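Just so it is clear, the structure is predicted and the values come from calculations on it, not from any experiment. In what follows, chains are A, B, ... by sequence order, proteins preceding strands, each numbered from 1.
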Amino acid sequence: MTSLFRFHGGVHPPEHKAESNATPIRPAPVPPLLHIALGQSVGNAAQPCVSVGDTVPAGACLGRAEGRISVAVHAPVAGVVRAIAPHPFAHPSGLSVPTLTLEPNGSTATVDPQPLAWQSADPRSVLAHLRDQGVVGLGGAVFPTHLKLGGTGLDTLVVNGAECEPYLTCDDRLMRERAQDIVTGILIAAGLTHARRILVGIEDNKPEALAAMQHAASGSGIDVVAIPTLYPSGGAKQLIRILTGIEVPAGTRSSDLGVQCFNVATLYTLAQALHQGLPVTRRIVTLTGAVAEPGNVEALIGSPIGWLLNTAHAGYCTEYGVIVGGPMMGFTLPDLNAGLTKACNGLIAKSPTLFPPRPPALPCIRCGDCARVCPAELQPMDLFWLAKARQFDRAQAQHLFDCIECGACSYVCPSQIPLVDYYRFAKGELWAADRDKKAADRARQRHLFREHRQARDKAEKAARFAAARPAAVPLASAGGSAEQPPTPTSSDAAKQAAIAAAMARAAAKTTPPSAASAAVEPPPIPSPDEAKRAAIAAAMARAAAKTAPPSAVPAAVEPPPIPSPDEAKRAAIAAAMARAAAKTAAAAVASPPESPTP
Amino acid sequence: MKSAPYLAQSNSVRRVMLTVVAALLPALTVATWFFGIAVWVQVGQAVLACLLFEAAMLRLRGLPLAPFLTDGSAVLTGMLIGVCFPPLGAWWLVWVGSFFAIVVAKQLYGGLGHNVFNPAMVAFAVGIVSFPAQMAGGATVYAPLSNLEQLALIFSHTLPADLGWDALSSATPLNAVKVALSAEVPLPLALFSAGVSGVPNSLVGLAVAYLLGGGVLLWRRVVTWHGPVALILTLSTLASVGWLLSPARFAPPLFHLLTGSVMLGAWFIATDPVTGCTTPRGKLWFGAGVGVLIWAIRSFGSLPDGVAFAVLTLNMMAPLIDRHTQPPVFGRKKKASP
C-alpha cells in the first residue's frame, strides 16, 4: 500500500459522472466530412504529405511531423482529400488553422498496421515510430509523447487515471473496458524509461475502473492506487504530489526529479501504436450535458463537433453552446464546425438548468476561501485585486504564472467573481508587455546599428574626401573650363555608391527566386532569416548611396520585414485570447448586478 | 458563464453575512435573558440606521440598491453596533455610531470590501471618544428595571421615581477593576460571580454565548481558528504574566477574557475578513497584536476597554502584515517535503 500525500486546497464540485459512465463506449459513426487540423499537438503543425484530390486509405499519413516538437497526422478512414485550407479550430479564440478536409468514401482500404518490436528496436526508432503514429498526451495538453519517453533511468512513472473534472468519464470507461491495453502501454512506457516504480492514481469515485485496472495490473509490479476524490487531483503536479509527495518546483519539469506523468488514454494509444501498429486516429470522448443519450463514444479525429453531439441527441439545442473539455477548465466552442482534436476529452452541451448563469459579482470581501482551495497555494484574492488595479508586475511577483487556472477559486467565491478571467487577462497583458518590450529592444538595436552605420559612413566619406582633395585642387587651379562640374570627385563617388546600391538591391531581389529555383520543392514563404538579411543588405547599400547627393540616387523602397508566419499567428492567438478574457472580465465588472438570485 | 469554470458553488456574500448574524443570536439571547429587552432595542435601531444610511449612500454614489442593500453586510454592522454599544445608552448614540460606521468608515472608503477599518469599531471609537459620559453611563444594565422602564430610559431619558441616577453610574466590572487596581486596593473578587451589575453569572454566560457563536463560525467555515486563538492566547499569556508578577497591579487573566467585549472581539471583530489579514500567519499576528493592545490599553491606558482601539490599530497594519506573511507557493518552498 502506497502512502498518499495531500496537496493544498481543492474543491468538490458536483460530479455529474453517473450520466455518462453507465453505458459502454459506443463507436461513433463516420461523419460526412472530417476536418483534421494539421496541428494536433503542442509545437509545429504537421506538413501535409497528400494533395487535394488524393484518395487515401484509412490510416494513411496525411501530414508528417515538422521539426522536433511535432507529430504526424493520419486519416481515420479511407476517403478523398477535399481541401487543405484554414478551418475553425477547437480553441476558445475560434481561430482558423490549416486543416485537412477528408471526405470518407466508404472504402475499406486500409494501410497495413506497422507494429514495432519495441523491446529489440533502437530506442530512437521507437520514439520516431511514436512520432510518426501521432501519439500525443490525450489528457488535454497534447504534448508529443515521444519527447517524454526520451530519457532513461526514470525513478517513478505516474499514470494519471484521476479524471477529476466533473462530467467527464472517458478515462473511466476506457479503464473499465480496456484495462489490459492500458497496462500494456504502461509496461511499454516503463520499459522505455526504465522506471523503477509505477504508480497509477485513480480517484476513488471510480471503483469499477479501479478494480479493472488492479485486476489487469496484478502481478505486473504496477501499483494501482485509489486517491481521494478532490478536484484538481488530476493536475500532473497535484497527482505527482499525491502519489509521491514530491512538489515539483516551479519552473522545472517533473522529469528533472525522475518523475514522468502520463494519462491512461495516452498509454492506451501508445500500446496501440507499438503493439497493433495503429496510428492515433480516434479517441474516446464523453458526450454529456443537455443531451438525450449521454455516454462515451470512440470518435474519429476530425469529426465536426456539432455533428458528433448530434449523434448523442438528434437536433440537440445549440443555442447555449458546447463546452469542450470539462466544466472547470474547458472552453465554450465558438464554432461547432470545428473538427474533433486529440485534446477533446469531453463535449458538454450547455443548458441554463445545468449551467445557470452566474449571479452578478459583488466586490471581493477578502474572505480567503479562494486561498483555502488554491492547489498552487497562491493568494488568489491578492492576484485579483492586483489584476483589477492593473498592477501586473506585482501580480507576477506574487507568482501569477504559477496559477494553473483550475478554477477552484472561482468555484468557491462567495462574491461570485470570475477570478480566473482576471488571471487570464493579467497573463495576457503581461505577455503583450513582454512582446512589446522585445519589439522595442529590437527596434532600439536597429536604431543603434543605424546610427553606428551612419557615423561610420560619414567617417569613411570624410576619409575619401581627404584622400581625393590633393588631386582635385591642382585641376581646379589649372583649368577654368566651364564644362567641368564644380566637384567632379564627389559626383563620381555618388555614382559609384549608386551603382553599388543598385547592385546590392538587385542581389537582394534575386536571392529568393534563385534560391527557390535551386531548391527542388519551393518553400511557400521565403525563410524570414533570408528575407531579413536581404533587407539589411539593401538598407546598408541605400545608406551608402544616401551619403552621396540625394539627386544622384532615386530613393529606394524599403522592403518591409516579413514577420515569420508562426510569430504572427501566435501573436494573433494571444491577442484574441487576451481580448476575450478582457471582455468577459470587463462585462463582469461593468454590468452592475441587478438582483442577487442565487 | 462565458468562460471556465462553468460551475460555481451556490454561496453568496449574503449567506456569509447572515451566518455571522445567526452566530450572534446566542449572545443576544443570553443578554436578553439576563438584562431584558434593552439590547434588542439598540440592535434594532442600529440595524435600521445602518440600512438607511447604506441606502442613502448607495443612492448618492449612483449604485443600485438591489445587490448591496441585501448583501447582509449593513445588517451585520448594525447587529455588531447594537451589541457593543451600551444597552441603556440614549437612543441617538447608535444612530451617531451607525452614521460613522456606514457613511464614513464603509461607503466613503468605497463600500463593501473596500473599507480599511472595521465599521462597528469605528462607531464604538467615535462614541467613546465623543460621548464618553453617555457611553459609560448606559453601559450598566440595572436588572431591576423592567422592560418598559428600560425603553423609557433609552428613549426619553427618564428613570423610575424610586431610582436615583447614581444607581446607574455604578461602574462596569472592567471599570471597577481598573479603579480598584489603580487605587492599589484588593480586587473585589466578588465581581466575578456577581457579573455585570449584580446579575449573577452574566459575565460567564455572555462570554460562553459568544464562544458558542464563534464555534458556529468555525463550523460554517466563515472564520479560521487563527485570529481568535492567537488573540485569546496572547491576552491570557500577558495577563497571566502580569498578574503573577504583581497581582495588586494587574487583573487576573480570566477576568480579561470574560469582561468587556473580548470574546465578541475575538470571534466577530478580529475575524472580519475585509479589514483583517488574509494569510494564515497574518491572522495569527493580527490576533496576537489585538491581544497585546487590549491588555496594554486596559492595564496602562485611561480608556475603560481596549478592544475597539486595538482592532482599529491592527486594521491599519493588516496590509503590511499580509505582505510579510505570504505563505510559500506550491513548488517554491525552501525545503521540499519528502
Trainee: Search all heavy atoms of B/Val329 against all heavy atoms of A/Ala376 and return the closest pair with its distance.
Mentor: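 It is CG1-O, 3.2 Å.
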Trainee: State which residues pass salt bridge (Lys or Arg N to Asp or Glu O under 4.0 Å) with A/Asp155; sequence neighbours excluded, sorted by chain then number.
Mentor: A/Arg196
Trainee: The test is side-chain contact (heavy atoms from CB on, under 4.5 Å); show your working for B/Gln326 and A/Asp382 and say whether it passes.
Mentor: CA-CA 10 Å; B/Gln326 288 289 314; A/Asp382 290 353; 3.4 Å; yes
Trainee: Could you tell me if the side chain of A/Gln379 sits less than 4.5 Å from the side chain of B/Pro327, heavy atoms only?
Mentor: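 Side chain of B/Pro327 against side chain of A/Gln379, heavy atoms only: contact under 4.5 Å found.
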Trainee: Heavy-atom distances under 4.5 Å only: say whether A/Met328 touches chain B with side chain, backbone, both or neither.
Mentor: both
Trainee: Given that the side chain runs from C-beta out, which part of A/Val412 has a heavy atom under 4.5 Å from chain B: side chain, backbone, both or neither?
Mentor: both
Trainee: Does any backbone or side-chain atom of B/Asp322 lie under 4.5 Å from a heavy atom of chain A? Answer side chain, backbone, both or neither.
Mentor: side chain
Trainee: So does B/Gln9 get a backbone contact from the side chain of A/Gln416, meaning a donor-acceptor N/O pair under 3.5 Å?
Mentor: yes
Trainee: Would you tabulate the side-chain donor-acceptor contacts of residues 217-229 of chain B under 3.5 Å, counting partners in other chains and residues two or more places apart, or write 'none'?
Mentor:
from	atom 1	to	atom 2	distance (Å)
B/Thr224	OG1	B/His226	ND1	3.0
B/Thr224	OG1	B/Lys283	NZ	3.4

Trainee: Any salt bridge between B/Lys333 and A/Glu377, counting N to O under 4.0 Å?
Mentor: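 A/Glu377 and B/Lys333: salt-bridged.
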Trainee: Flag the one option from A/Cys413, A/Pro14, A/Pro13, A/Gly330 with the top tally of heavy-atom pairs under 4.5 Å to chain B.
Mentor: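 Going by pairs under 4.5 Å, I would pick A/Gly330.
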Trainee: Output the residues of residues 402-410 of chain A for which the shortest heavy-atom distance to chain B is under 4.5 Å, in residue-number order; output 'none' if no such residue exists.
Mentor: A/Asp402, A/Gly407, A/Ser410
Trainee: Does atom CZ of B/Arg59 have more than 12 heavy-atom neighbours from other groups under 6.0 Å away?
Mentor: no
Trainee: Is it the side chain or the backbone of A/His8 that comes within 4.5 Å of chain B heavy atoms, both, or neither?
Mentor: neither
Trainee: Is there any residue in residues 363-370 of chain A with a non-hydrogen atom under 4.5 Å from a non-hydrogen atom of chain B, and which ones are they?
Mentor: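 Within residues 363-370 of chain A, the residues that come under 4.5 Å of chain B (heavy atoms only) are A/Pro363, A/Cys364, A/Ile365, A/Arg366, A/Cys367, A/Asp369.
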Trainee: With side chains defined as the heavy atoms from C-beta onward, is the minimum distance between A/Leu378 and B/Phe330 less than 4.5 Å?
Mentor: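 SC-SC contact between A/Leu378 and B/Phe330 ruled out.
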Trainee: Could you tell me which of A/Ala250, A/Pro249, A/Pro327 has the largest number of non-hydrogen atom pairs under 4.5 Å with chain B?
Mentor: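 Sorted descending by pairs with chain B, the first entry is A/Pro327.
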Trainee: With a 4.5 angstrom heavy-atom cut-off, is it the side chain or the backbone of A/Leu419 that approaches chain B, or both, or neither?
Mentor: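 Answer is neither: A/Leu419 stays 4.5 Å or more from chain B.
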Trainee: For the atom pair OH (A/Tyr167) and OH (B/Tyr6), what is the distance rounded to the nearest 0.5 Å?
Mentor: 13.0 Å
Trainee: Is A/Pro375 in contact with chain B via its backbone, its side chain, both, or neither, using a 4.5 Å heavy-atom distance?
Mentor: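 Backbone only.
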Trainee: Report which part of B/Val16 has an atom under 4.5 Å of a heavy atom belonging to chain A: side chain, backbone, both, or neither.
Mentor: side chain
Trainee: Is chain A contacted by the side chain of B/Asp71, its backbone, both, or neither, given a heavy-atom distance below 4.5 Å?
Mentor: side chain
Trainee: Near B/Tyr109 OH, under 6.0 Å, is it more than 12 heavy atoms from other residues, nucleotides or ligands?
Mentor: no
Trainee: For residues B/Leu7 and A/Pro166, determine if any side-chain heavy atom of one lies less than 4.5 Å from a side-chain heavy atom of the other.
Mentor: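 Touching, per the 4.5 Å side-chain cut-off.
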